[in-house]
Amino acid sequence: DAGVTQSPTHLIKTRGQHVTLRCSPISGHKSVSWYQQVLGQGPQFIFQYYEKEERGRGNFPDRFSARQFPNYSSELNVNALLLGDSALYLCASSLAPGAQYGYTFGSGTRLTVV
Amino acid sequence: EDKVVQSPLSLVVHEGDTVTLNCSYEVTNFRSLLWYKQEKKAPTFLFMLTSSGIEKKSGRLSSILDKKELSSILNITATQTGDSAIYLCAVLNSGGSNYKLTFGKGTLLTVNP
């Protein structure tokens with residue numbers, strides 16, 4: 001039974017470049033959320049998608065965008081990378097938005113911007 | 001702005017000790033409070049608390065929510081070295097049909113043999 005899978009696991013990019021991170025939710029889960037975790041901090045909410053529609057957006061600049069595909073997998077895109085974008089990017093999957101469904105996290109993508 | 005504060009930020013104990021981790025929150029439209037354990041990368045789910053005063057237990061771990069005081073505690077009894085991890089508290093709140101988790105900074109627990 002596959003959990004939440006994220007790819008790649010590690011990534012090194014140069015300032016100004018663009019990056020795409022990918023997430024496949026647990027089978028049957030229709031909601032995907034993205035979180036950024038900077039070293040020494042708790043995860044911070046970036047986006048939530050449900051049934052391919054954006055359902056929430058955190059306090060991140062427009063350089064961050066995301067989408068969800070018909071198979072419920074999701075991509076997070078970050079343009080014009082800054083050093084401060086270096087972080088662990090976590091994807092969480094749930095049956096639907098809301099407390100009763102629970103949120104399962106993937107192992108994340110470690111992004112380093114140099 | 002939604003806020004979750006955890007204390008202490010770090011804690012070092014010996015095997016067998018009992019620890020209490022604290023979480024307080026100020027959010028709009030509270031739905032539930034969740035505790036996660038993060039060892040390397042993926043936070044793993046421990047508890048979800050929705051009702052005040054009802055203790056949830058799983059082995060040596062237990063947690064309770066106080067909605068009047070806007071806080072929760074996570075207790076770990078008879079700690080083991082395998083309990084060493086970051087413990088994250090998160091609050092699920094909503095705005096219309098949108099939901100998000102707001103996390104605290106976490107408590108780094110180190111259990112020494």
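Below, chains carry the letters A, B, ... as their sequence lines are ordered, and counting in each starts from 1. Computed from heavy atoms alone, side chains included, the values below leave out hydrogens, waters and symmetry copies. This one's a predicted model, so the numbers in the text were calculated from it and none came from an experiment.
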[X] atom [atom1], neighbour heavy-atom count above 12 within 6.0 Å:
| X | atom1 | value |
| --- | --- | --- |
| A:R63 | CZ | yes |
| A:Q41 | CD | yes |
| A:K52 | NZ | yes |
| A:D62 | CG | no |
| A:I12 | CD1 | no |
| A:L83 | CG | yes |

Quiz prompt | Note, A:L90 side chain near B:P43 side chain (heavy atom, < 4.5 Å) | solution = yes
Quiz item: Hey, is the main chain of B:F103 close enough, under 3.5 Å, to the side chain of A:Y35 for a donor-acceptor pair?
Solution: no
Quiz item: If you look at every heavy atom in A:F45 and B:L101, which pair is closest and at what distance?
Solution: CB-O, 3.9 Å
Do [X] and [Y] sit in one hydrophobic cluster, given that two such residues count as connected whenever their side-chain heavy atoms are within less than 4.5 Å of each other, even indirectly?
| X | Y | result |
| --- | --- | --- |
| B:L74 | B:I64 | no |
| A:V113 | A:L11 | yes |
| B:L49 | B:V4 | yes |
| B:L34 | B:I73 | no |
| B:Y25 | B:L9 | no |

Exercise. Check each atom of B:L88 against the heavy atoms of chain A and say whether the ones under 4.5 Å are side chain, backbone, both or neither.
Key: side chain
Quiz item: Non-hydrogen atoms of chain A under 4.5 Å away: do they reach the side chain of B:Q38, the backbone, both or neither?
Solution: side chain
Self-check item: A:Q37, part contacting chain B, at a heavy-atom distance under 4.5 Å
Solution: side chain
Quiz item: Where on A:Q48 is there a heavy atom nearer than 4.5 Å to chain B: the side chain, the backbone, both, or neither?
Solution: side chain
Quiz item: When only heavy atoms count and the cut-off is under 4.5 Å, which of residues 104-113 of chain B reach chain A?
Solution: B:G104, B:K105
Exercise. Quick one: pull up CD1 in A:I46 and NZ in B:K100 and give me the separation to the nearest 0.5 Å.
Key: 13.0 Å
Quiz prompt | Approximate separation, where rounding is to 0.5 Å, of A:E54 CD and B:N98 CG | solution = 8.5 Å
Exercise. Mind ranking A:A92, A:G108, A:S107 by heavy-atom pairs under 4.5 Å with chain B and telling me who comes out on top?
Key: A:S107
